[in-house]
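Report on the following structure.
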Amino acid sequence: MVDLNAARVRVLALWHVPCSRLLKCESKIDDPLTEEFYWGWVFHFTPSNAGEVSTDEKPILVACLRDTGDSIVVGTKGVADALDYLLGRTIRD
């Protein structure tokens with residue numbers, strides 16, 4: 001079982017650089033936007049210096065499972081698809 005702080009640290013360590021590349025600027029987890037569910041969390045990566053960076057990019061969402069700490073970027077199919085992938089991956093492992 002992973003708590004919110006541990007999940008945040010794991011997600012930040014794994015996804016900070018890829019999300020920064022996708023946003024084309026330095027990124028951070030926007031804590032007020034973090035969503036909690038019974039199965040885990042959805043973290044929102046946004047530009048670190050939103051005022052200095054002109055970007056029309058939407059936040060990048062990363063889903064993280066509470067039970068395992070596994071995470072994945074939420075794609076265009078949405079959170080439900082990302083969750084299905086994570087749960088399927090957990091069952092196969």
Side-chain angles (χ1 to χ4, degrees):
M1 213 45 135
V2 179
D3 68 2
L4 175 61
N5 291 330
R8 186 184 186 285
V9 168
R10 290 175 81 160
V11 166
L12 195 58
L14 185 61
W15 296 106
H16 175 255
V17 172
C19 288
S20 292
R21 287 183 180 156
L22 288 169
L23 288 170
K24 301 179 183 108
C25 63
E26 190 64 26
S27 68
K28 66 176 176 69
I29 292 177
D30 196 342
D31 290 322
L33 297 178
T34 299
E35 301 170 75
E36 185 168 6
F37 299 93
Y38 70 93
W39 50 263
W41 303 271
V42 173
F43 296 96
H44 295 240
F45 277 88
T46 59
S48 292
N49 300 322
E52 298 175 18
V53 178
S54 64
T55 179
D56 294 329
E57 297 289 331
K58 293 180 181 177
I60 296 171
L61 309 181
V62 176
C64 180
L65 288 180
R66 185 184 307 268
D67 290 342
T68 62
D70 289 344
S71 60
I72 188 171
V73 170
V74 175
T76 56
K77 293 182 180 179
V79 173
D81 191 65
L83 181 59
D84 285 345
Y85 178 82
L86 284 172
L87 290 173
R89 188 169 132 201
T90 302
I91 292 168
R92 285 191 297 266
D93 291 349

Salt bridge (charged side-chain N to carboxylate O under 4.0 Å, His left out) evaluation trace for D3 with R66: CA-CA 7 Å; D3 68 2; R66 185 184 307 268; over 6 Å; no
Side chains of [X] and [Y]: closer than 4.5 Å at any heavy-atom pair?
X   : Y   : answer
F45 : P59 : no
I60 : V74 : no
V2  : D67 : no
L83 : L87 : yes
V79 : W39 : yes
H16 : K28 : no
H44 : L61 : yes
P32 : D30 : yes

Option passing side chain to side chain contact (heavy atoms under 4.5 Å, CB included) with V62 (candidates I72, V73, L14):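 Testing each of I72, V73, L14 against V62, the sole residue satisfying side chain to side chain contact (heavy atoms under 4.5 Å, CB included) is V73.
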What are the two closest non-hydrogen atoms of [X] and [Y], and how far apart are they?
X   : Y   : value
A63 : A82 : CB-CB, 4.5 Å
S71 : V11 : CB-CG2, 4.0 Å
P47 : L23 : N-CD1, 4.0 Å

When clusters are formed by joining ILVMFWY residues with side-chain heavy atoms under 4.5 Å apart, either directly or through shared neighbours, do [X] and [Y] land in the same one?
X   : Y   : result
Y38 : V42 : yes
L4  : V9  : no
L12 : L22 : yes

Once you round to the nearest 0.5 Å, how far does [atom1] of [X] lie from [atom2] of [Y]?
X   : Y   : atom1 : atom2 : answer
K77 : D84 : NZ    : CG    : 10.5 Å
D70 : L86 : CG    : CG    : 6.5 Å
C64 : W15 : SG    : CH2   : 11.0 Å

Side chain T34, main chain D31, donor-acceptor under 3.5 Å: yes
Donor-acceptor contact below 3.5 Å, side chain S48 vs main chain S27: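 Here the side-chain-to-backbone pair exists.
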Ring geometry between F43 and W41 (parallel below 30°, tilted from 30 to 60°, perpendicular above 60°): tilted
